2 protein chains.
Amino acid sequence: MTLDEAWRILQEKQFKRTKNRDTILQFFSENDRYLTALEVKNFMEEDNPGISFDTIYRNLSTFSDLGILEETDLNGDRHFRMQCDPGVHHHHFICTACGKTRSISHCPMEMITVNLPDYEVEGHKFEIYGKCPLCVAK
Amino acid sequence: MTLDEAWRILQEKQFKRTKNRDTILQFFSENDRYLTALEVKNFMEEDNPGISFDTIYRNLSTFSDLGILEETDLNGDRHFRMQCDPGVHHHHFICTACGKTRSISHCPMEMITVNLPDYEVEGHKFEIYGKCPLCVAK
DNA sequence: CGAGTGAATCGTAATGATTCCTGTTTCAGG
DNA sequence: CCTGAAACAGGAATCATTACGATTCACTCG
């Protein structure tokens with residue numbers, strides 16, 4: 001997702017355009033991988049030393065709710081990345097060394113829900129972990 | 001997995017037979033679902049009020065390492081359940097209401113790794129969330 | 001069977017991520 | 001430019017999890 005698309009969504013929902021939101025989105029648009037709140041904070045402190053975790057988490061949650069960011073739990077910590085393909089269902093390979101991701105378009109759900117009659121499926125999680133070609137080379 | 005199988009593994013690896021480990025395994029063998037450390041602690045306090053979290057987590061981690069328990073992160077918290085089919089790769093449907101699980105034998109990995117040449121796959125996570133037939137009925 | 005040894009445990013303190021609270025600042029609209 | 005609502009800063013609180021020194025326990029061997 002581009003910065004413009006993100007801001008279009010935010011303004012449509014009446015969210016204000018603030019410096020902090022700009023900086024956060026900027027950071028995500030430059031980093032094509034899952035990031036933690038701490039990484040975001042470290043980046044933001046460069047030009048806003050007093051930034052608070054409250055601000056970070058509030059905005060990350062907002063962005064996640066609006067579908068601007070994708071969110072996942074890795075080792076019990078929340079991680080966020082720019083929504084890579086809005087509206088298109090997909091999964092990720094996640095590099096455990098550098099954090100970079102690769103989209104996986106195949107989703108196993110259709111094949112499986114057939115075998116779950118009477119079950120009410122609400123969601124699912126499918127992620128593949130390993131080393132990307134670049135990190136394998138090292 | 002049965003209690004006997006679990007103890008066979010533990011004794012093979014020279015782990016001592018303690019009251020706490022007995023109680024923990026007992027609890028898991030009676031509850032066919034993912035449990036938190038807190039749930040385990042609450043159960044154990046009935047006959048051991050002074051039980052410490054250190055003991056709980058240490059043993060849960062040990063059991064998980066030995067393949068006696070299966071472990072997963074749900075909403076950022078560690079959850080454990082008795083290994084249901086040792087040695088046989090499978091996934092789970094997890095009921096978000098009662099926590100009960102149902103094994104899913106189908107695994108989408110073969111189909112996908114083909115499309116990840118040069119990637120080094122270390123692991124994957126596939127879980128389905130929703131309501132089981134019993135909880136749907138309510 | 002009873003002492004010795006290292007594993008296991010207890011009790012509590014520390015940690016790290018996340019959330020909450022309160023007063024202050026900033027944004028957008030009139 | 002003024003104003004109310006949204007957003008923010010700073011710090012305290014919470015929750016799960018881990019760490020640690022002191023103590024107890026399970027098993028071994030004499």
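Order of the sequence lines sets the chain letters (A, B, ...), proteins ahead of strands, with each chain counted from 1. Since we're looking at a predicted model, the values are computed, not measured.
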Give a yes/no answer on whether the side chain of T55(A) brings an N or O atom under 4.0 Å of OP1 or OP2 in dA9(D). yes
dA8(C), dA9(D), dT17(D): which one has an atom nearest the side-chain heavy atoms of I51(A)? dA9(D)
Grab the CG-C1' distance between L38(A) and dG16(C) for me, whole Å please. 10 Å
Separation of atom CD1 in I56(A) from atom C1' in dT19(C), rounded to whole Å: 14 Å
Roughly how many Å is it from NZ in K41(B) to C1' in dC10(C), rounded to a whole number? 11 Å
Testing R33(B), H91(B), E70(B), R81(B) for side chain to side chain donor-acceptor pair (under 3.5 Å) with T101(B), which one passes? R81(B)
If you measure only the distance, is there a donor-acceptor pair under 3.5 Å linking the side chains of S64(B) and R78(B)? no
Tell me, yes or no, whether the heavy-atom count around L134(A) atom CG, taken from other residues, nucleotides or ligands under 6.0 Å, exceeds 12. no
OP1 or OP2 of dT18(D) sitting under 4.0 Å from any side-chain N/O of R78(B)? yes
Sugar-phosphate means primed atoms, P, OP1 and OP2; the rest is base. With that split, encode nucleotides 22-30 of chain D 5' to 3' as B, S or - using protein heavy atoms under 4.0 Å. ----BS---
More than 12 heavy atoms of other residues, nucleotides or ligands under 6.0 Å from NZ of K41(B): is that the case? yes
Return no unless some side-chain N or O of R58(B) is found under 4.0 Å from OP1 or OP2 of dT18(D). no
Can you check the Q14(A) CD to dA28(C) C1' distance for me, whole Å? 10 Å
Would you say N48(A) places a side-chain N or O within less than 4.0 Å of OP1 or OP2 belonging to dC8(D)? no
Rounded to the nearest angstrom, tell me the gap between atom CG in D73(A) and atom P in dC15(D). 18 Å
Starting at atom CG of N42(A), determine the distance to atom P of dA17(C), rounded to an integer number of angstrom. 11 Å
Using only heavy-atom distances, decide whether a donor-acceptor pair under 3.5 angstrom links the side-chain of D54(B) to the base of dC20(D). yes
Under 4.0 angstrom between N75(B) side-chain N/O and dA16(D) OP1 or OP2: no
May I ask you to decide whether K125(A) forms a salt bridge with D73(A), counting only side-chain N to carboxylate O separations under 4.0 Å? no
Rounded to whole Å, CG of N59(A) lies from C1' of dA9(D) at a distance of 13 Å
Within the supplied structure, the quantity of interest is the number of heavy atoms (other residues, nucleotides, ligands) at a distance under 6.0 Å from N75(A) CG; does it exceed 12? no
Partner of F28(B) under side-chain contact (heavy atoms from CB on, under 4.5 Å), picked from T23(B), V40(B), L3(B), is V40(B)
Could you tell me the separation between the CG atom of D47(B) and the P atom of dC10(C), rounded to a whole number of Å? 11 Å
Of the listed dT18(C), dT9(C), dA16(D), the closest approach to the Y57(B) side chain comes from dA16(D)
